Amino acid sequence: MPPRETINYTTIKRDFEALRSGYENYKFFMKEYGIETKLYFFCYVVWETTKKNAKEDQVLEFKKSFENAKIKLEPEINFYLLIGPKDDWKDYFLKDGSLDKYLNKQIHFF
């Protein structure tokens, strides 16, 4: 079994760059066929941990990722995070007031 990769800013940023790179190739079809499109990135995380520091660190990584997704690079990436279990994570996201604008719009708990 391969080792798990930690979900961190670097790996999410790398995925954003891959989406933007693919979008560059897609521009031809947008122009040719008059297609309007946006890019979406979904991150689905099920992580049960009792380690407070791990949760706080992970919330910080997601915060950086949301900020990076909103950088006015062409095109803007809509970043959606689905994370659970809800009881384990919600309070950690609520502590950081800068993430409030994403709750129930782009950050969802299950």
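Since we're looking at a predicted model, the values are computed, not measured.
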- Message: Tell me whether the count of non-hydrogen atoms from other residues, nucleotides or ligands lying under 6.0 Å of CZ in Phe42 goes above 12.
- Response: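 Correct, the count exceeds 12.
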
Q) Could you walk me through whether Phe93 and Leu103 pass the side-chain contact (heavy atoms from CB on, under 4.5 Å) check? A) CA-CA 8 Å; Phe93 280 87; Leu103 292 172; 4.2 Å; yes

- Item | Test log, rule side-chain contact (heavy atoms from CB on, under 4.5 Å), inputs Phe62 and Ile107 | CA-CA 10 Å; Phe62 285 128; Ile107 299 174; over 6 Å; no

Under the side chain to side chain contact (heavy atoms under 4.5 Å, CB included) test, which residues partner [X], sequence neighbours left out?
{"X": "Asn78", "value": "Lys38, Tyr40, Lys70, Glu76, Tyr80"}
{"X": "Glu67", "value": "Lys63"}
{"X": "Asp57", "value": "none"}

Atom pair [atom1] ([X]) and [atom2] ([Y]), whose distance is rounded to the nearest 0.5 Å:
{"X": "Asp100", "Y": "Leu94", "atom1": "CG", "atom2": "CG", "result": "6.5 Å"}
{"X": "Leu82", "Y": "Gln106", "atom1": "CG", "atom2": "CD", "result": "11.0 Å"}
{"X": "Glu61", "Y": "Ile12", "atom1": "CD", "atom2": "CD1", "result": "8.0 Å"}
{"X": "Leu99", "Y": "Leu81", "atom1": "CG", "atom2": "CG", "result": "9.5 Å"}

- Message: Taking Lys55's backbone N and O only, do any of them form a donor-acceptor pair with Trp89's side chain (distance below 3.5 Å, no angle check)?
- Response: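 Side chain of Trp89 to backbone of Lys55: no pair is present.
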
Q. If Ile, Leu, Val, Met, Phe, Trp and Tyr residues are connected whenever their side-chain heavy atoms lie under 4.5 Å apart, and connections chain through other members, are Phe109 and Leu60 in the same group?
A. no

Val45 with Phe66, same ILVMFWY side-chain cluster at under 4.5 Å =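 They do share one cluster, since a chain of ILVMFWY contacts under 4.5 Å joins Val45 to Phe66.
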
| query | Is there a side-chain contact between Phe110 and Lys86, using heavy atoms and a 4.5 Å cut-off? | reply |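 Sidechains of Lys86 and Phe110: no contact.
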
- Looking at side-chain heavy atoms only, is the closest gap between Pro85 and Trp47 below 4.5 Å? no

request  = Measure up the Phe79 and Phe41 rings against each other and bin them: parallel (under 30°), tilted (30 to 60°), perpendicular (over 60°).
outcome  = tilted

Cation-pi, Tyr9 ring and Lys13 (6.0 angstrom, 45 degrees) |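 That pair does not qualify as a cation-pi contact.
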
Scanning both residues in full, the closest heavy-atom pair of Ser65 with Phe16 reads O-CE1, 3.3 Å

Next on the checklist: Taking Arg20 first and then Glu17, would you say they form a salt bridge - that is, a charged N and a carboxylate O separated by under 4.0 Å?
Outcome noted: no

